[in-house]
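Reviewing the structure listed below.
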Amino acid sequence: MEYIVEKLKHCDLLSISGRIDSQSAPELSEALDKIMESGQHKIVLDMSEIEFISSAGLRILINAQKKCKQQLVAGELVLAAVPERVHEALDMAGFLPLFTIEDELTHAVGNI
Amino acid sequence: MEYIVEKLKHCDLLSISGRIDSQSAPELSEALDKIMESGQHKIVLDMSEIEFISSAGLRILINAQKKCKQQLVAGELVLAAVPERVHEALDMAGFLPLFTIEDELTHAVGNI
Amino acid sequence: MSFKKVVVFPAKLENLAAIDALIKSTAELAGLDARSIYAIRVATEEACSNIIRHAYQGIEDGTIECGCYSNMDSFTLVFRDSGHVFDLTGVPSPDLDSCLEDRKAGGLGVYFIKQLMDEVSFEHIPGTGNVLTLVKYLTPDSEKSST
Amino acid sequence: MSFKKVVVFPAKLENLAAIDALIKSTAELAGLDARSIYAIRVATEEACSNIIRHAYQGIEDGTIECGCYSNMDSFTLVFRDSGHVFDLTGVPSPDLDSCLEDRKAGGLGVYFIKQLMDEVSFEHIPGTGNVLTLVKYLTPDSEKSST
Ligand SMILES: Nc1ncnc2c1ncn2[C@@H]1O[C@H](COP(=O)(O)OP(=O)(O)O)[C@@H](O)[C@H]1O
Ligand SMILES: Nc1ncnc2c1ncn2[C@@H]1O[C@H](COP(=O)(O)OP(=O)(O)O)[C@@H](O)[C@H]1O
């Protein structure tokens, strides 16, 4: 897994790529934690370059979404540019109702 | 010239494509006017698909920028994903200091 | 086409990518369609990460034997370990309908395995260890896309 | 290579795209580099839209004769019209440094023509009309990229 964080006015944009499994999921967790510790709880996750994700990755997403939404001024983790296989995993996990999912990165960043 | 407007929470995203000359510039003007008449003065212009622009197009941009910035709550026309030739025309016109220019559409939308 | 391939890996999280590469290339060789291959890869990650994290919890130097068996009708994965005995076929489905606050973060792995594979069976062979067998049927579609 | 091409267009804004297509294909044929071709296209739009909007202001059924002349050293455009006489070579440069509020929206066209072309000359031939001549030199670079 590789990632880049871009700090924007309205949100942080976290772009992750590669393989997210039990081995690499902690890196995703740290990346999200660092953003939240900086005080930003509006996060757009660019998932377009994810090649593989297992339940270990999904676990990180749900935990981050909980933290974002628990803030006094509620934040949100928005999932953007979700590849088909990743979407199927989110569906199988019953996560679709728990996240805003945007096809276009610009919409995600513009609407958060 | 063709265009699409996408209404986002933080701005309107206007994507224009094709040829902007003295013949088609009025269409660009109308598109921008319609957005401003709707009350939105934060506008991101996606220029990535512009094939050709003459001074007639630049004239529209400067007029729109003036209107956006004159608002009580100042807006802005941000130029995004500017092709090289268009950038050269903006430079030649001395417009570079008058606009925020963002390489990435997501940055433009996320920072406006 | 019918073949088998068996490889033993040290039970470490850093080997998950290597296990995935083995399973992926073998499933491609077996002519499975892209959707089935991805399903098998996810099931494998879930099964092997559970073995590494749970079956070998507190145990050093464990191994996972990954066996791939392909024939005309199906693609079978057999994972063998000598860790704690645990029959995942008995794990109940997680609650997928609760609201965000009540939603459990974990407990999806076994569910994914059951959803993604056509047969899931567990056997403990005393003296030898745990045997988890996962089967994916080759659909006419997947056979077609194999040509 | 040396050639010429002359086409007459009705002086209407809707013909700007057709004029552009002519100039572009001719400049490509002349072997100009992409940057020079774009410069010539912009200069042409500025010149022809000024003829349509200003030279023929209040005049119906005007025409623009577009001539392209290519030789080893240069690419020359000659635009002829029979509208109002106007020597654009005398137009002063716009102020490009004022702040946004004071910036004029127009007055860039003639400036662009002068910036983009190597020679700009105007002649009024009584009884015939206005002749605007724009020349772009072929640089060694543009000749190279023509092969
Ligand atoms: N191979 C195994 N050995 C021991 N315990 C296991 C094994 N696989 C699963 N478990 C138990 O079953 C539970 C559910 O597993 P799973 O659905 O993969 O979710 P998670 O691993 O995220 O908790 C685990 O928390 C663990 O207690
Ligand atoms: N061919 C022409 N015939 C008559 N007047 C012209 C012609 N070209 C330019 N002009 C005059 O010169 C001015 C500057 O032209 P230009 O730099 O192209 O800017 P713009 O057309 O945007 O005003 C025009 O406003 C017009 O008054």
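The chains referred to below are lettered A, B, ... by the order of the sequence lines, with proteins before strands, and numbering in each begins at 1.
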Response to the item:
side-chain hydrogen bond (donor to acceptor under 3.5 Å, both in side chains) filter on C:E119, not counting sequence neighbours, yields C:Y137
Fill in: Between C:L100, C:L96, C:L108, the one whose heavy-atom pairs under 4.5 Å with chain A are most numerous
C:L100
Practice prompt. Among residues two or more places apart or on two chains, list those pairs meeting ring-ring contact (aromatic ring centres under 6.0 Å, His included) that have a residue in residues 56-95 of chain C.
Written response: none
Worksheet item: Atom CG of C:D20 and atom OG of A:S54: how far apart are they, to the nearest 0.5 Å?
Response: 10.0 Å
Fill in: Approximate separation, where rounding is to 0.5 Å, of A:S48 OG and A:I16 CD1
9.5 Å
Relative to chain C, which segment of [X] carries a heavy atom at a distance below 4.5 Å: side chain, backbone, both, or neither?
{"X": "A:R85", "value": "both"}
{"X": "A:L61", "value": "neither"}
{"X": "A:Q70", "value": "neither"}

Discussion item. Is the shortest side-chain heavy-atom distance between C:L138 and C:D73 below 4.5 Å?
Written reply: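 No, their side chains stay 4.5 Å or more apart.
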Discussion item. Which atoms of C:A43 are under 4.5 Å from chain A, going by heavy atoms: the side chain, the backbone, both sets, or neither?
Written reply: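 Answer is neither: C:A43 stays 4.5 Å or more from chain A.
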Practice prompt. Anything in residues 45-55 of chain C with a heavy-atom distance to chain A below 4.5 Å? Please list those residues in order.
Written response: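 The residues closer than 4.5 Å to chain A, in numerical order, are C:E45, C:E46, C:S49, C:R53.
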Discussion item. Using only non-hydrogen atoms and a strict under-4.5 angstrom cutoff, which residues of residues 91-110 of chain A touch chain C?
Written reply: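 Residues in range: A:M92, A:A93, A:G94, A:F95, A:L98.
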